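All remarks here apply to the structure that follows.
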Amino acid sequence: MNIDEKLEKIQEGTLEIVDIEELKAKLEKEHPVAYTGYEPSGKVHLGHAITIMKLKQLQSLGFKIKILLADYHAFLNGKGQLDEIEKTAEYNKKCFQALGLSEDTEYILGSEFQIKGRYSLEYTNNVYKLATLTTLKRARRSMDQVSRHDDNPKVASVIYPLMQTADMPALGVDVALGGMEQRKIHMLARESLEKIGEEVPVCIHTPLLHGLDGDDKMSSSKGNFIAIDDEEDVIKDKIKKSYCPKGEVEGNPIIEIAEHFVYPYHETLLIERPEKFGGNLELSKDELCTMFDNEELHPMDLKNAIAKYLIEFFRPAREFMAENYKDE
RNA sequence: CCCGCCUUAGCUCAAUUGGCAGAGCGUUGGACUGUAGAUCCAAAUGUUGCUGGUUCAAGUCCGGCAGGCGGGACCA
C-alpha cells in the first residue's frame, strides 16, 4: 500500500488530522509510533472503542502502538487514589487487549516514567518549562472538555495538560490520537513542544459519540454508555432505552453507532422487520440515513438491528474478558 | 496565625419565635405512543459535614473539630 492510500484510510472516520502533510512525512518511517492516553475508567465503552479501532487500523498500517494508562492524569483529575486507579488500569489494559490490539502493543503506566526512573527528572524539567510558557487561562481552557466538574478547581487541573504534553516526547510519539475533546490540549501541546525544542506530533481526532440518553457525550460518569464487555441482555436493554427520535439523524446515538460500529466493517446493515411494517431491509449507510430521515424506517426496527450487530461485534471481546479477567 | 461566612436527598436549594425534614430537577415504576424522548400518573431516596452540650424537644441555640469560600495579618 502506498502512502496516499494509507493517508486515505487513516482519514476515514476522523474529524481532523493536524497536519496532513506532516502525517505524510511521518508515513515515510517504517514504524511510526502512535499513542493514545486513557485515564483508567471503571468501564471501557463505545467512545473508547472508537479510538481503539483507529489504533488497530494504524497498527495494521505498520504503526507501533503505545497505549498510555494515564494513572497520574486520572489522579490529578480527581478520579480517586492511585492504588485504586492502578487496579482499574489493569482492567482497562485487558479491555484494550480484548478489542484485538496485537501482541506487540505497548502498554505503559504513566507513573512508571513520569515519577519513576531516570527519565523522570527530564520529564519534570519539561513540565516546569511548560509551566513557565503556559498561561493559566490557556491551560484551563484546554481542560474544558476533559476536567471532571469541580466547584473548587485544583491546581492539578492545569498540571494535567502540561504532563500530557510532556508525555509525547517521553513516549517518542509521531502521532497522538484522541477524541475531539482532546483537541485543545493537543493544540497547546503542539505549540509548546515546538517552543521547548521537542518533536511535534501529528494529532488525529475522532468524533465523540452522543450518550445513549442523547447527551452531548458518552461517558462513564454519566452512565449513558454501552461497555465493550456488557452482557447481551444489557446491550439489548440499553439500546432499547436509548434516545432515538423518529426521523432525526443528527445527534442520534443509534445512528452514530451504526456509522462507527457497523459500516466500517460491513457494506450493508440487515434490518429485520415484521411483514406488516414492510419486511426486511438491507441498507447501505446512505440508504439508512435517507430512509430514517424520511421516517421510512422505524426507530424500533433500527434498534433491534443495532443491538444484534453490537452483540456480535463485541462477542470476541466479551468472551476474552470472561476468560481473562476475574473481577475480585 | 486571626476574623467572618458556608456545609440539609444523586443535583440545586427550602424549612417561621427551637415543634413530625420538604420542593424542583434527576432516578425508578406504570399510562400513552410500534423505540426512546415529550406529556400524564405513582413511588423511592436522608447519620441535616463530624462531635460534645443546653432543652420535654435541635437542621435551627452554645462549644470543639474537619472541609470550603472570602478577607486580614506576617514578610515591612
Side-chain angles (χ1 to χ4, degrees), chain A residues 39 41-43 45-47 49 74-82 84 88 136-137 140 143-160 207-227 230-263 268-283 285 287-314:
Chain A
E39 280 185 35
S41 163
K43 282 291 172 185
H45 56 65
L46 298 185
F75 180 65
L76 291 172
N77 208 2
K79 298 289 172 67
Q81 294 306 307
L82 276 171
E84 291 293 327
T88 307
L136 272 175
K137 281 195 175 186
R140 285 245 263 290
M143 291 294 287
D144 279 354
Q145 312 284 318
V146 177
S147 271
R148 160 175 272 217
H149 171 79
D150 187 350
D151 285 330
N152 304 299
K154 307 300 187 293
V155 174
S157 71
V158 294
I159 296 176
Y160 187 118
L208 300 182
L209 283 178
H210 282 81
L212 297 178
D213 55 0
D215 189 277
D216 281 346
K217 191 185 171 199
M218 180 175 286
S219 76
S220 319
S221 55
K222 289 177 187 158
N224 57 10
F225 59 85
I226 289 175
D230 273 344
E231 297 298 330
E232 300 190 18
D233 290 350
V234 174
I235 294 176
K236 273 186 207 158
D237 196 48
K238 285 181 174 177
I239 293 285
K240 178 178 174 295
K241 286 180 176 158
S242 292
Y243 178 77
C244 186
K246 191 177 183 181
E248 210 172 293
V249 172
E250 207 60 32
N252 184 322
I254 306 302
I255 299 277
E256 286 178 356
I257 291 171
E259 277 178 37
H260 295 288
F261 293 95
V262 178
Y263 289 115
T268 59
L269 170 65
L270 174 64
I271 293 179
E272 293 173 283
R273 203 161 64 159
E275 280 306 324
K276 64 169 174 172
F277 295 128
N280 291 2
L281 292 167
E282 195 163 343
L283 302 176
K285 183 173 154 183
E287 288 167 340
L288 176 110
C289 289
T290 305
M291 275 194 82
F292 196 82
D293 188 52
N294 293 338
E295 300 187 14
E296 290 160 0
L297 175 60
H298 193 276
M300 195 172 181
D301 297 320
L302 174 65
K303 282 183 172 184
N304 289 336
I306 294 299
K308 201 168 173 183
Y309 266 82
L310 273 186
I311 285 169
E312 288 316 309
F313 186 84
F314 287 114

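Bear in mind the structure is a predicted one, so any value in this text is a computation, not a measurement. Note on naming: letters A, B, ... go to the chains in the order of the sequence lines (proteins, then strands), and numbering restarts at 1 for each one.
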Nearest-Å distance once atom P is located in both B:G22 and B:A38: 27 Å
Same-atom distance (P) from B:C20 to B:G26, integer angstrom: 29 Å
Tell me which donor-acceptor pairs under 3.5 Å the side chains of residues 295-303 of chain A have, and how far apart each pair is, sequence neighbours excluded?
unit_1	atom_1	unit_2	atom_2	d
A:H298	ND1	A:M300	N	2.9
A:K303	NZ	A:I239	O	3.4
A:K303	NZ	A:K240	O	2.9
A:K303	NZ	A:S242	O	2.7

Base-pairing string, 5' to 3', of RNA chain B - Watson-Crick or wobble, under 3.5 Å, | interstrand: (((((((..((((.....[..)))).(((((.......))))).....(((((..]....))))))))))))....
Sugar-phosphate, base or nothing in reach of A:D301, heavy atoms under 4.0 Å: base
Inter-nucleotide C1' distance (B:C69, B:U33), Å rounded: 49 Å
Partner residues of A:V234 under the side chain to side chain contact (heavy atoms under 4.5 Å, CB included) criterion, sequence neighbours left out: A:D230, A:E231, A:K238
C1' spacing across the pair B:U51 / B:G59, given as an integer number of angstrom: 16 Å
Touch class at under 4.0 angstrom, heavy-atom based, for A:K246 against every strand present: base
Presence of salt bridge, A:E84 and A:K79, under 4.0 angstrom: no
Interatomic distance at P, B:C1 relative to B:C62, whole Å: 24 Å
Under the salt bridge (charged side-chain N to carboxylate O under 4.0 Å, His left out) test, residues paired with A:K154 that sit two or more places apart: A:D150
Whole-angstrom distance between B:G52 and B:A66, as gauged at atom C1': 15 Å
Segment of RNA chain B, first to last nucleotide, that comes within the 4.0 Å heavy-atom reach of chain A: B:G34 to B:C69
Span that lies between the P atom of B:C61 and that of B:G18, in whole angstrom: 8 Å
Any A:E256 side-chain heavy atom under 4.5 Å of A:L46 side chain: no
Residues which pass side chain to side chain contact (heavy atoms under 4.5 Å, CB included) with A:D213, listed by chain and number, not counting sequence neighbours: A:D215, A:N224
Touch class at under 4.0 angstrom, heavy-atom based, for A:K303 against every strand present: base
Distance, C1' atom - from B:C50 to B:U12, rounded to whole angstrom: 24 Å
Under the side chain to side chain donor-acceptor pair (under 3.5 Å) test, residues paired with A:N304 that sit two or more places apart: none
Residues forming a side chain to side chain donor-acceptor pair (under 3.5 Å) with A:S220, sequence neighbours excluded: A:S41
With A:Q81 via side chain to side chain contact (heavy atoms under 4.5 Å, CB included) - residues at least two apart: A:F75, A:D83
